[in-house]
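Working notes, structure below.
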Number of protein chains: 2
Amino acid sequence: MQNRIRDLRTIFDLTQDELAEKLEVSRQTISSLEKGRYNPSIMLAYKIAKVFQCRIEDVFIFEGEEK
Amino acid sequence: MQNRIRDLRTIFDLTQDELAEKLEVSRQTISSLEKGRYNPSIMLAYKIAKVFQCRIEDVFIFEGEEK
DNA sequence: ACTTTACGTAAAGTGTACTTTACATTTACG
DNA sequence: CGTAAATGTAAAGTACACTTTACGTAAAGT
């Protein structure tokens with residue numbers, strides 16, 4: 001699964017720290033998500049989409065629907 | 001967080017077992033999701049929305065954005 | 001050079017999504 | 001009734017989302 005977090009964060013001119021604070025998670029969580037270390041919970045995915053004013057499917061790309 | 005899984009499952013005329021098989025999860029997982037015991041992972045949420053041919057936000061209702 | 005800002009990442013711990021096994025309850029049908 | 005299909009749920013285990021702490025690196029400012 002891919003995501004556009006880094007791009008969107010740049011567009012919204014936010015640092016990892018600032019985004020983390022808005023989402024009430026740690027900076028490491030943002031870094032890990034951007035690096036694809038793991039997938040967000042559905043609640044976090046929802047909050048992220050909300051910050052970027054779009055839908056979950058606009059932030060996260062399931063395309064190849066890997067495993 | 002609420003969800004419309006049970007309703008959608010009824011509309012699509014599927015048993016918990018049949019839906020579980022399509023999603024490649026156990027029947028208990030479906031039961032637990034319907035009963036609100038826990039939230040799905042984002043991958044499972046995506047697969048569920050796909051089966052019901054709609055968006056994640058159409059199946060899962062974050063409204064009160066509890067915790 | 002020194003410091004600050006932004007980011008990468010590793011280790012150890014906690015909580016929870018999901019599994020398998022198993023048994024109980026409900027519903028409908030012969 | 002008896003039985004089968006559909007569902008609820010509990011216990012114990014595994015995997016992973018997320019945390020805190022901590023340290024490293026690279027860029028930019030002063």
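Quick note on labels: first sequence line is chain A, next is B, and so on, each numbered from 1.
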If you restrict it to nitrogen or oxygen atoms, what contacts under 3.5 Å exist between nucleotides 5-7 of chain D and the protein, and what is each distance?
from, atom 1, to, atom 2, distance (Å)
D/dT7, OP1, B/Arg9, NH1, 2.9
D/dT7, OP1, B/Arg9, NH2, 3.4
D/dT7, OP2, B/Gln16, N, 2.7

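No donor-acceptor distance shorter than 3.5 angstrom exists from the side chain of A/Arg27 to the backbone of A/Gln16, with no hydrogens or angles considered. A distance-only check finds a donor-acceptor pair linking the side chain of B/Asn3 to the backbone of B/Leu33 [under 3.5 Å]. A donor-acceptor pair under 3.5 Å is formed between the side chain of B/Asp58 and the backbone N or O of B/Arg55.
Put simply, CG on A/Leu33 is 9 Å from P on D/dT19, counting in whole angstrom units. Whole-Å rounding puts the A/Asn3 CG to D/dA17 P distance at 13 Å. Computed from coordinates, the B/Tyr38 OH to D/dT9 P distance equals 13 Å when rounded to whole Å. Following rounding to the nearest Å, A/Asn39 (CG) and D/dA15 (P) show an atom-to-atom distance of 17 Å.
Using a 4.5 Å heavy-atom threshold, the side chains of A/Ile30 and A/Leu23 count as touching. Within the 4.5 Å cutoff, no side-chain heavy atoms of B/Lys47 are placed close to those of B/Val25.
Side-chain atoms of B/Thr29 and B/Ser26 form a donor-acceptor pair, as typed in the model, at a separation below 3.5 Å.
In this structure, A/Phe62 and B/Tyr46 have parallel ring planes: the angle between them is below the 30° cut-off, well short of the 60° mark.
First and last contacting nucleotides of DNA chain C toward chain A (any atom under 4.0 angstrom from a heavy atom, 5' to 3' order): C/dA6 to C/dA10.
In this structure, B/Ser41 reaches the sugar-phosphate backbone alone: every heavy-atom distance under 4.0 Å involves primed, P, OP1 or OP2 atoms, never a base.
Few gaps surround CD on B/Glu18; more than 12 heavy atoms of other groups in view lie less than 6.0 Å from it.
The nucleotide D/dT20 finds its pairing partner in C/dA11, both defining distances of the Watson-Crick or G-U wobble pair being shorter than 3.5 Å.
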